[in-house]
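Structure, as structure tokens:
Every heavy atom of this structure was used, including side-chain atoms; hydrogens, water molecules and symmetry mates were not. Since we're looking at a predicted model, the values are computed, not measured.
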Number of protein chains: 2
Amino acid sequence: MNILIVHAHYEPQSFNTALKDCAVTTLTQAGHDVRVSDLHAMNWNPVATAADFNLRSNPDYCVYALEQRKGFESGTLAEDIRLEIEKVEWCDMLILNFPIFWFSAPAILKGWIDRVFASGRFYGGKRFYDNGGMQGKRAMATVTLGGQQHMFGPDAIHGEMDTMLRPILRGALAYCGFAVLPPFVAYHVPYVSHEEREKILQDYQTHLQGLDRMEPLTFPCMCDFDEKLNPRIPVDA
Amino acid sequence: MNILIVHAHYEPQSFNTALKDCAVTTLTQAGHDVRVSDLHAMNWNPVATAADFNLRSNPDYCVYALEQRKGFESGTLAEDIRLEIEKVEWCDMLILNFPIFWFSAPAILKGWIDRVFASGRFYGGKRFYDNGGMQGKRAMATVTLGGQQHMFGPDAIHGEMDTMLRPILRGALAYCGFAVLPPFVAYHVPYVSHEEREKILQDYQTHLQGLDRMEPLTFPCMCDFDEKLNPRIPVDA
């Protein structure tokens, strides 16, 4: 497989960066081709603005998704965006590697999604979820956080991890048609011992070695919704 | 009340910006003091890095939250962050005004939260949720999106709006102790007629005029969790 890792940690010595490095090594050794977009090293600009369009469809009023669509078609998106879209086109699998900031991705990664997941290619019209533009590709999130595992769950203080990550797993990745694999979550990272960190890295290696056999998470199927995206009423209801 | 509106739309003519302007007018007429952080106009930097700390606690290895805590205590956070913290300190109520990008906030606003909600003041140790640093202040999200209302709900194609907004409402605002009011959601914005937009603006005015009587949403209470943040077992269980 061609695998793109998008990495979003500001500290090169962080455990989050060690997970990225572990993925590069493990996946390369398994025979995959791996590329990395290290957003901090690239000084990635995460702010979606009208400046992202070298040729404006409407120079007087910017609707970002509309300009994305026209810009993608005409090849006039900003160069940094075009380069990232090419990497996603190249890959069979996308791994988002980031620390949880406020129950979600750091802004630098959120802005990679905002700017790169262009209307007209990643989604558009009725092309989303299982009809999304990235059908056939897989995606996964690898995250680090300070909280402990018992703090996440139906009755836990922070609620369920899968709803916490829903905007990313469902709202961005599944929405664009990626088959989304279960996330790898490293808990309590700032507080664990060296030995526990080694154990997490081993668990991650095992997780990565099992990618081929992993079942994607379940998300909405367009076939369950009608033309206006209302849920279809079952025939026997 | 002192009210801070944080506005995050790239297009000054957008309907999202009209909602911000509507809030400024309506709340000022009601006798409140209103300030606006217009993030695009301010050219706000949303990327949290070691450069945010004029004096490093550990110059060799950056743990962002730890440096935030030290930087807040010593008054050495980057000036743009300090100015925003002062505005939040000043306000009795915070309104986040933004378009939904990928089920969540645009990166420029996510990075306002990442950099401004400093450990040591907004939260820290066991000071979160109803013990959070912003106790006594209220907050609300005002959002615009392209989807229609029937696309959000328990069986709807995109699922429930409140879980969609959970990282912001619960993970950021409630976590820091804000009493979070129900969000104002403007659906289908790019596609509605001028008359429908006028109706939404009227509804928003009514919503804003009712702020004083509005019940906050319910979030975890620290009293329901023990020292290790496990759920307490009820006495009669």
Check: Where does Phe103(B) contact chain A at under 4.5 Å (heavy atoms): side chain, backbone, both or neither?
Finding: both
Next item on the list: Examine whether an atom of Pro167(B) lies under 4.5 Å from a heavy atom of chain A, and if so say whether it belongs to the side chain, the backbone or both; otherwise answer neither.
Entry: both
Checklist line | Region of Asp60(B) that comes under 4.5 Å of a non-hydrogen atom in chain A | finding: backbone
Note to self: Please identify, among Asp224(B), Thr49(B), Ile168(B), Thr163(B), the residue contributing the most non-hydrogen atom pairs under 4.5 Å to chain A.
What the structure shows: Thr163(B)
Checklist line | Within the 6.0 Å centroid threshold, strictly below: His158(B) and Phe128(A) | finding: yes
Note to self: With rounding to the nearest 0.5 angstrom, report the CD1 to CZ distance, Ile157(B) to Phe219(A).
What the structure shows: 13.0 Å
Notebook entry, point to check: Between Gly147(B), Ser104(B), Ala107(B), which has the largest tally of heavy atom pairs under 4.5 Å with chain A?
Noted result: Ala107(B)
Item checked: Between CD1 on residue Ile108(B) and NZ on residue Lys110(A), distance to nearest 0.5 Å -> 12.0 Å
Margin query: In this structure, is the centre-to-centre distance between the rings of Tyr123(B) and Trp102(A) below 6.0 Å?
Written below: yes
Item checked: For chain B, the option from Gln13(A), Glu160(A), His9(A), Arg115(A) that forms the most heavy-atom pairs under 4.5 Å -> Gln13(A)
Next item on the list: Give the member of Met222(A), Arg170(A), Arg166(A) that has the highest number of heavy-atom pairs under 4.5 Å with chain B.
Entry: Arg166(A)
Note to self: Would you compute the distance between atom CG of Asp155(B) and atom CG of Asn230(A) and round it to the nearest 0.5 angstrom?
What the structure shows: 11.5 Å
Notebook entry, point to check: Where does Ala172(A) contact chain B at under 4.5 Å (heavy atoms): side chain, backbone, both or neither?
Noted result: both
Next item on the list: Heavy atoms only, distances under 4.5 angstrom: which of Tyr64(B), Tyr129(B), Trp112(B) has the most pairs with chain A? Name it, please.
Entry: Tyr129(B)
Checklist line | Atom of Leu229(B), atom of Met151(A) and distance for their closest heavy-atom approach | finding: CD1-CE, 3.8 Å
Check: Can you name the nearest heavy-atom pair linking His150(A) to Lys228(B), along with the distance?
Finding: NE2-O, 2.5 Å
Check: At a heavy-atom separation under 4.5 Å, does Cys221(B) approach chain A through its side chain, its backbone, both, or neither?
Finding: neither
Next item on the list: Measure distances from Ala105(B) to the heavy atoms of chain A and classify the residue's part below 4.5 Å as side chain, backbone, both or neither.
Entry: backbone
Margin query: Counting only non-hydrogen atoms closer than 4.5 Å, does Pro106(B) touch chain A with its backbone (N, CA, C, O), its side chain (CB onward), both, or neither?
Written below: both
Check: Most heavy-atom pairs under 4.5 angstrom with chain A, which of Cys176(B), Cys62(B), Gly146(B)?
Finding: Cys62(B)
Next item on the list: For each of Phe101(A), Tyr61(A), Tyr175(A), Trp44(A), tally heavy-atom pairs with chain B at distances under 4.5 Å, and name the one with the top tally.
Entry: Tyr61(A)
Check: Is the number of heavy atoms from other residues, nucleotides or ligands under 6.0 Å of Lys87(A) NZ greater than 12?
Finding: yes
Next item on the list: Would you indicate whether the side-chain heavy atoms of Val63(A) and Glu11(B) approach each other to under 4.5 Å?
Entry: no
Notebook entry, point to check: Relative to chain A, which segment of Ala48(B) carries a heavy atom at a distance below 4.5 Å: side chain, backbone, both, or neither?
Noted result: both
